[in-house]
**Q** 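Have a look at the structure that comes next, please.
Numbered from 1 within each chain, the chains take letters A, B, ... in sequence-line order. Note that these values count all heavy atoms, side chains included, but never hydrogens, waters or copies made by symmetry.
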Amino acid sequence: MINEKPRVRFAPSPTGYLHVGGLRTALYNFLYAKHYGGKFILRIEDTDRNRYVEGAVENLIDSLKWCGLDFDEGPGKDGEYAPYMQSERLNIYLKYAEELISKGKAYYAFDTPDRLAKLKEEQTARKEQSKYDKLALTLSQEEIKNKLDAGEPFVIRLNVTPGQRVIVDDVIRGRVEFNTDIVDDQILIKSDGYPTYHMANVVDDHLMKITHVIRGEEWLSSTPKHVLLYEFLGWEIPVFAHLPLLLNPDKSKLSKRQGDVAVEDYRAKGYLKEALVNFVALLGWNAGDDKEFYNFEELINNFSLERVNKSGAVFNVEKLDWLNGEHIRSKTALEILPLFKEELDNSIYKDHNFSDEHLLKIIDAMKERIIFIRELIEKSPYFFEAPNLYEEKAVQKRWKPETPDELKKLLSEFEKIDSSSKEDFENALHKSAEELGIGNGKLIHPVRLAVSGSSTGPGIFDLLHILGKEEVILRIKTALEKINN
RNA sequence: GGCGCGUUCGUCUAGUGGCUUAGGACGCCGCCCUCUCAAGGCGGAGAUCACGGGUUCGAAUCCCGUACGCGCUACCA
């Protein structure tokens, strides 16, 4: 197996959306597989019928794909080991559960939920750990057969021998030891015929030839059950890697209560998939150097399980924001264009028609001033419509009594230029300033205000160039009327 | 309660016994650049490496204990 290509899986239960913690787990699986030229498999752990959520699988796959995590095998891409929905594999689990029974490693149990509840109550009252008392093991073969024949509801439980050590070897945490005294006789097959996670994941991982089980830390405690299962079934144990948790700012497990946890939330907020993936990759892993900006390919090339941290990481949105800006800046205007158009279609300007040429200029002028694509609109609405308000503070600071006259001079020079090139605007402005005997700034600030209503933005000549001669003249004239102190 | 995992600036982290007066990044503050705002450059504040014992000539790094946090302890995953 050492020389085989890894086969890893992301095995979420379809609870409705892709959690960012799930994204990180999926990502590490994906990166590991791709780094070694292996396969990334998506398997849906839908063995809890009470938790069925309509459309959850589609949503999950949608989010995964948006992030660029294409799976090699999974629902809708059925490969050699299909089906990849556990609810469609029920008979398989039952078969292996029966094999375990025949080996004495599992057994039928017919306890009522009532008895179990009472048992647990008594145990906790005595401050013992709650654990099944193996009562069903006292049943004779005949009694079992009769109950089965009578159609009594049953469950199949793992038969754990107490007093033994189980070793879990984990790539990230090293060797972890458990005593079987604390391992419960886990239910393998529920009374509705569905397997529990423990049974299903072991059977499927084996059948699907999974080489590395990379999953969240919350599974570490139940791994001894899985190890036992592999041993009882005589199967090779995969490599385990239990990932640290993602945390809220108060260090509790990342939850919905304290902010957004779904990938789709971040998508809706306008984060780039590149930034989300980059950020999430760094939450618990680093290459050992100072590099923090990664594209997808670099992540694949550099990722290793050995360099995954042990401790949980707070999901710190501020750094995500910074990375989003970094990724925007690293893109060409042409790459940003479709994203920009998408935002425009969702904005109040959706009915306007702007040429690609115009939009590309806006991107070039604005991309290092924004963190979200939508700020291309929010931070510079003046590229889409004339201002109807003029920033009051800026007016007070920059609009002096002599400003209107000076702007009129500038206007006359602007009217003379025959192109909307930056150079023409620049020459005209310099000339005006010179003839007026004032500094450029005395014109630049008022004209910015007149033309954009704002005191901030791209370089003034870029701004004028993008707006164009006609529009600039028009806007200066309206400003002259409107800003009359 | 039991079992397990964890603990380096506010946050993400580097560090695997001497190179460390603990490095980088985000955020914050200041300066430079400059027509503004950003971006960029430079600099600053910010960590007695959870605490206490050991081991060692020497420990953030190894060992033990304690505290705290988190996870698991379901016919949920």
Side-chain angles (χ1 to χ4, degrees), chain A residues 11-15 45-48 50-51 109 111 113 116-117 120 123-124 126-131 153-157 168 170 172-174 176-179 181-184 186-198 200-201 215-224 242 244-245 247 249-253 279 282-293 309-323 325-326 329 366-371 379-380 394 397-398 429 439-445 447-449 452 454-461 463:
Chain A
S13 63
T15 50
E45 310 248 335
D46 56 344
T47 56
D48 185 355
N50 301 320
R51 283 228 221 164
D111 309 83
L116 262 16
K120 184 175 180 176
Q123 288 169 333
T124 42
R126 273 183 262 128
K127 290 194 173 177
E128 290 170 14
Q129 71 144 326
S130 59
K131 201 177 155 187
F154 69 89
V155 110
I156 298 176
R157 309 189 82 118
V168 173
D170 189 282
I172 296 165
R173 289 157 211 283
V176 185
E177 278 194 26
F178 295 87
N179 190 304
D181 285 351
I182 54 105
V183 180
D184 197 7
Q186 184 61 235
I187 289 179
L188 267 17
I189 303 290
K190 299 180 263 187
S191 58
D192 62 5
Y194 279 64
T196 56
Y197 170 86
H198 307 95
N201 106 83
R215 77 226 305 189
E217 193 191 356
E218 68 267 30
W219 294 109
L220 186 57
S221 299
S222 40
T223 306
H242 287 94
L245 262 29
L247 274 22
D250 70 354
K251 302 247 177 192
S252 59
K253 186 177 171 183
F279 176 64
L282 255 20
L283 250 28
W285 169 85
N286 77 86
D289 52 26
D290 288 340
K291 187 171 167 63
E292 301 213 79
F293 182 92
N309 288 162
K310 293 173 169 66
S311 49
V314 173
F315 193 91
N316 177 213
V317 185
E318 282 171 343
K319 195 154 188 173
L320 209 208
D321 286 351
W322 167 73
L323 270 176
E326 289 288 296
R329 271 168 249 134
M366 290 298 294
K367 78 171 187 182
E368 51 191 39
R369 283 162 240 269
I370 58 168
I371 282 193
K379 285 199 160 181
S380 49
K397 188 175 176 192
R398 307 290 193 187
L429 188 135
N440 294 330
K442 287 280 282 174
L443 287 175
I444 286 174
H445 295 292
V447 80
R448 171 188 297 286
L449 198 51
S452 74
S454 167
S455 65
T456 67
I460 190 65
F461 303 113
L463 176 56

**Q** Which protein N or O atoms sit under 3.5 Å from an N or O of nucleotides 16-18 of chain B?
**A**
none

**Q** Considering every strand and a 4.0 Å limit on heavy-atom distances, what is the contact class for A:G441: base, sugar-phosphate, or nothing?
**A**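 No contact.
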**Q** Pick the P atom in B:A22 and in B:A59, then give their distance to the nearest Å.
**A**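 Straight-line distance between the two P atoms is 14 Å.
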**Q** Hey, does A:G459 reach any base, or is it just sugar-phosphate, or nothing, if we go heavy atoms under 4.0 Å?
**A**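 Since a base atom lies under 4.0 Å of A:G459, the category is base.
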**Q** Do the side-chain N and O atoms of A:S252 and A:D250 include a donor-acceptor pair separated by under 3.5 angstrom?
**A**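 On atom types as modelled, these side chains qualify, holding a pair under 3.5 Å.
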**Q** Is it the case that the side chain of A:K291 and the backbone of A:F293 share a donor-acceptor pair, with hydrogens and angles ignored and the cut-off at 3.5 Å?
**A**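 Yes; judged by distance alone, with no hydrogens or angles, the pair exists.
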**Q** Describe the nucleic acid contact of A:T47 in one word from base, sugar-phosphate, nothing, applying a heavy-atom distance below 4.0 Å.
**A**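 Sugar-phosphate: the residue A:T47, judged by heavy atoms under 4.0 Å, touches backbone atoms but no base.
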**Q** For A:P458, report the nucleic acid contact type (base, sugar-phosphate, nothing); a contact means any heavy atom under 4.0 Å.
**A**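 Base contact.
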**Q** Picking from B:G10, B:A25, B:C76, which would you name as closest to the side chain of A:E292?
**A**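 Side chain of A:E292 sits closest to B:A25.
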**Q** Within the sub-3.5 Å range, which N or O atoms of nucleotides 63-66 of chain B have a protein N or O partner, and how far apart are they?
**A**
none

**Q** Please identify each residue that fulfils side-chain hydrogen bond (donor to acceptor under 3.5 Å, both in side chains) with A:K310, with sequence neighbours left out.
**A**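 Counting only residues at least two positions away or on another chain, A:K310 forms no side-chain hydrogen bond (donor to acceptor under 3.5 Å, both in side chains).
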**Q** Would you classify A:R448 as touching base, sugar-phosphate or nothing, given that sugar-phosphate means primed atoms plus P, OP1 and OP2, and contacts are heavy atoms under 4.0 Å?
**A**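 Answer is base: heavy atoms of A:R448 come under 4.0 Å of a base.
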**Q** Could you list the residues that satisfy side-chain hydrogen bond (donor to acceptor under 3.5 Å, both in side chains) with A:Y197, not counting sequence neighbours?
**A**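 Once residues adjacent in sequence are excluded, the partners of A:Y197 under the side-chain hydrogen bond (donor to acceptor under 3.5 Å, both in side chains) criterion are A:R215.
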**Q** Categorize A:F315 for me: base, sugar-phosphate, or nothing, with a 4.0 angstrom heavy-atom threshold over every strand shown.
**A**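 If one applies the 4.0 Å heavy-atom cut-off, A:F315 turns out to touch nothing in the nucleic acid.
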**Q** With a 4.0 Å cut-off on heavy atoms, is A:E177 in touch with a base, just the backbone sugar-phosphate, or nothing at all?
**A**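 Counting heavy atoms under 4.0 Å across all strands, the contact made by A:E177 is with sugar-phosphate only.
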**Q** Can you figure out which of B:U13, B:C35, B:A77 approaches the side chain of A:E45 most closely?
**A**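 Shortest atom-to-atom distance from the side chain points to B:A77.
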**Q** Just to be sure I understand the rule, does A:S455 reach a base, reach only the sugar-phosphate, or reach nothing, if contact means heavy atoms closer than 4.0 Å?
**A**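 Contact class for A:S455: base.
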**Q** Could you work out the separation of B:C9 and B:U61 based on their P atoms and round it to a whole Å?
**A**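 Looking at atom P only, B:C9 and B:U61 are 14 Å apart.
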**Q** What are the atom names and distances for every N/O pair under 3.5 Å that joins the protein to nucleotides 40-51 of chain B?
**A**
residue : atom : partner : partner atom : Å
B:G40   : OP1  : A:E326  : OE2          : 3.3

**Q** How would you summarise protein contacts on nucleotides 68-75 of chain B per nucleotide, using B for base, S for sugar-phosphate only and - for none, with heavy-atom distances below 4.0 Å?
**A** --SBSSSB
**Q** Please report the distance, rounded to the nearest Å, between CG in A:L320 and P in B:U11.
**A**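 Taking CG of A:L320 and P of B:U11, I get 17 Å after rounding.
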**Q** Quick check for you: to the nearest 0.5 Å, what is the distance between A:L245 atom CG and A:K251 atom NZ?
**A**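 So the gap between those two atoms works out to 12.5 Å.
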**Q** Pick base, sugar-phosphate or nothing for A:D48, based on heavy-atom distances below 4.0 Å to the nucleic acid.
**A**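 Since only primed, P, OP1 and OP2 atoms lie under 4.0 Å of A:D48, the category is sugar-phosphate.
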**Q** At under 4.0 Å between heavy atoms, what does A:N309 touch on the DNA or RNA strands: base, sugar-phosphate, or nothing?
**A**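 Contact class for A:N309: sugar-phosphate only.
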**Q** Counting the atoms with a prime plus P, OP1 and OP2 as sugar-phosphate, which does A:P195 contact under 4.0 Å by heavy atoms, base, sugar-phosphate, or nothing?
**A**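 A:P195: backbone/sugar contact only, no base atoms under 4.0 Å.
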**Q** Answer yes or no: is there a donor N or O on one side and an acceptor on the other, between the side chain of A:K131 and the main chain of A:D181, under 3.5 Å?
**A**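 Yes; at least one donor-acceptor contact below 3.5 Å.
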**Q** Got a donor-acceptor contact below 3.5 angstrom from the A:K379 side chain to the A:I370 backbone?
**A**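 Flag not set: sc A:K379 to bb A:I370 has no pair under 3.5 Å.
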**Q** Measuring from atom CD1 of A:I187 to atom CG of A:L116, what distance do you get when rounded to the nearest 0.5 angstrom?
**A**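 Spacing of CD1 (A:I187) from CG (A:L116) equals 6.5 Å.
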**Q** Which value, in whole Å, describes the distance between the C1' atoms of nucleotides B:G2 and B:C12?
**A**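 Here B:G2 and B:C12 have their C1' atoms 33 Å from each other.
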